[in-house]
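Only one structure is covered here, and it is reproduced in the block below.
Small disclaimer: the values here were computed from a predicted structure and weren't measured. Just so we're on the same page: letters track the sequence lines, and every chain starts at 1.
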Number of protein chains: 2
Amino acid sequence: MFSKTCQYAIKAVIYIHKQSLEGKKVGAKEIGQEIDAPDAFTAKILQVLVRQHVVGSFKGPTGGFYVDKSHEFKTLKDVVLAIDGDQLFQGCSLGLNQCSEQNPCPLHFEIVKVRSNIHYMLTSKSLKQLAEEVGDGSTVLARLA
Amino acid sequence: MFSKTCQYAIKAVIYIHKQSLEGKKVGAKEIGQEIDAPDAFTAKILQVLVRQHVVGSFKGPTGGFYVDKSHEFKTLKDVVLAIDGDQLFQGCSLGLNQCSEQNPCPLHFEIVKVRSNIHYMLTSKSLKQLAEEVGDGSTVLARLA
DNA sequence: ATCATAAAGGATAAAAGTATCCTTTATTAT
DNA sequence: ATAATAAAGGATACTTTTATCCTTTATGAT
Ligand code: FES
Ligand code: FES
């Protein structure tokens, strides 16, 4: 459903939000450790997320990744779009050159429903809410091996 | 959502069903052309589907791929399981070592709903029905470039 | 000013997924 | 029996994704 890169991205963004709730900036290394992803690779992913304004970053000592008011309306959908693009939302699930209502593939009409669910999943909760759920322990970003 | 290989597999199986409706066996080459997939690669995928008893095959002249009574309860879900495995159905969408209700990732409870939709999509219609829809032109397996 | 820190960027490398080609085996038609 | 056909299998190549490492740039602390 999501590329491995995108899974990392989702977890990273939620973790950044969680730390930003406490006003903390976090480094790529720490993020990688917290979400159980290789840190150099995590850093690469974060570069993309910063370019797409999903999160902010600051260089130098006391630097790191964070979110502020300017990111408050970003959702998981923006994360997915930034990393995996719009294939999941726009493309034909069977790989036809485009998804078309007039010339549908055998899965089209069911896929439309699935997509609607996925869209809801990725937009209904704010990243802040998701971060709070991790904060209070009701969900987790990593698990012991 | 599905690997490219799996997209090919789904289209191939539906096409085989379509031809079997008319009692015809079909070769890998023809299948590849009809579903717009490389034929040698299509042949490889078909080997897996045959091993998993999703379709049948017969060697030699007049040979080819087909389905009969023994395949009548196979669904698209079996195709996806044969090619992509159970990651889509059982795995954690965020890549945690396993999906767990007790220790859920932030997307878990929404993913459960999405999965239920996907499961329905892949099991509610028989492969025969899907083949008929392609047969009567209401859906398509390929489109002109 | 200098140094330490952390993100950004570039260059590779390793692994997985996708694709091609050639040989072997089973089956049919002659 | 022989030749032709088509799937099965094996080896190899190409591409994309995932991952690592090293250098450069920006910033803050001293
Ligand atoms: S045409 Fe295939 S999903 Fe719409
Ligand atoms: S724990 Fe992640 S999907 Fe269930």
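- In this structure, A/Arg51 does not reach the C/dA7 phosphate: none of its side-chain N or O atoms is under 4.0 Å from OP1 or OP2.
- Around OH of A/Tyr120, the count of heavy atoms belonging to other residues, nucleotides or ligands within 6.0 Å does not exceed 12.
- Contact record, B/Val54 with B/Asp78: CG2-O, 4.2 Å, taken as the closest heavy-atom pair.
- For the pair B/Leu46 CG and C/dT20 P, the interatomic distance rounds to 15 Å; values are reported in whole Å.
- Put simply, the side chain of B/His108 reaches to within 4.5 Å of the side chain of B/Cys99, judged on heavy atoms.
- Between the A/Ser20 side chain and the A/Val67 main chain, a donor and an acceptor come within less than 3.5 Å of each other.
- Remark: A/Val26, A/Gly27, A/Ala28 in residues 12-34 of chain A come within less than 4.0 Å of DNA chain C through at least one heavy atom.
- Atom pair A/Ile45:CD1 and C/dG9:P shows a separation of 16 Å (rounding to whole Å applied).
- In this structure, the CD atom of A/Gln47 is 13 Å from the C1' atom of D/dC21, given to the nearest Å.
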So which protein nitrogen or oxygen atoms get under 3.5 Å of nucleotides 11-18 of chain C's nitrogens or oxygens?
residue : atom : partner : partner atom : Å
C/dT18  : OP1  : B/Lys4  : N            : 3.1
C/dT18  : OP2  : B/Thr5  : OG1          : 2.7

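- Side-chain atoms of B/Ser100 come within 3.5 Å of backbone atoms of B/Asn103 as a donor-acceptor pair (strictly under, hydrogens ignored).
- The cationic group of B/Lys25 lies under 6.0 Å from the six-membered ring centre of B/Phe58 and within 45° of the ring axis, placing it in a cation-pi geometry.
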List every contact pair, protein side and nucleotides 24-28 of chain D side both N or O, where the distance is under 3.5 Å.
residue : atom : partner : partner atom : Å
D/dT25  : O2   : A/Lys59 : NZ           : 3.2
D/dA26  : O4'  : A/Lys59 : NZ           : 3.4

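- A distance-only check finds no donor-acceptor pair linking the side chain of B/Asp36 to the backbone of B/Gly32 [under 3.5 Å].
- Rounded to a whole Å, the CG atom of A/Asp39 is 17 Å from the P atom of D/dT18.
- At a cut-off of 3.5 Å, with distance as the only test, no side-chain donor of B/Gln19 or B/Tyr66 sits close to an acceptor on the other residue.
- Looking only at distances, a side-chain donor or acceptor of A/Arg143 sits under 3.5 Å from a matching main-chain atom of B/Gln98.
- Atom CG of A/Leu49 and atom C1' of C/dA7 are 14 Å apart (whole Å).
- If you measure from atom CD of A/Gln7 to atom C1' of D/dT17, you get 13 Å, rounded to the nearest angstrom.
- Rounded to whole angstrom, the span from the CZ atom of A/Phe2 across to the C1' atom of D/dT17 amounts to 17 Å.
- The pair B/Glu133-B/Lys125 meets the salt-bridge criterion, since a charged nitrogen lies less than 4.0 angstrom from a carboxylate oxygen.
- Checked by atom type and distance alone, the side chain of A/Gln129 pairs as donor or acceptor with a backbone atom of A/Ser126 at under 3.5 Å.
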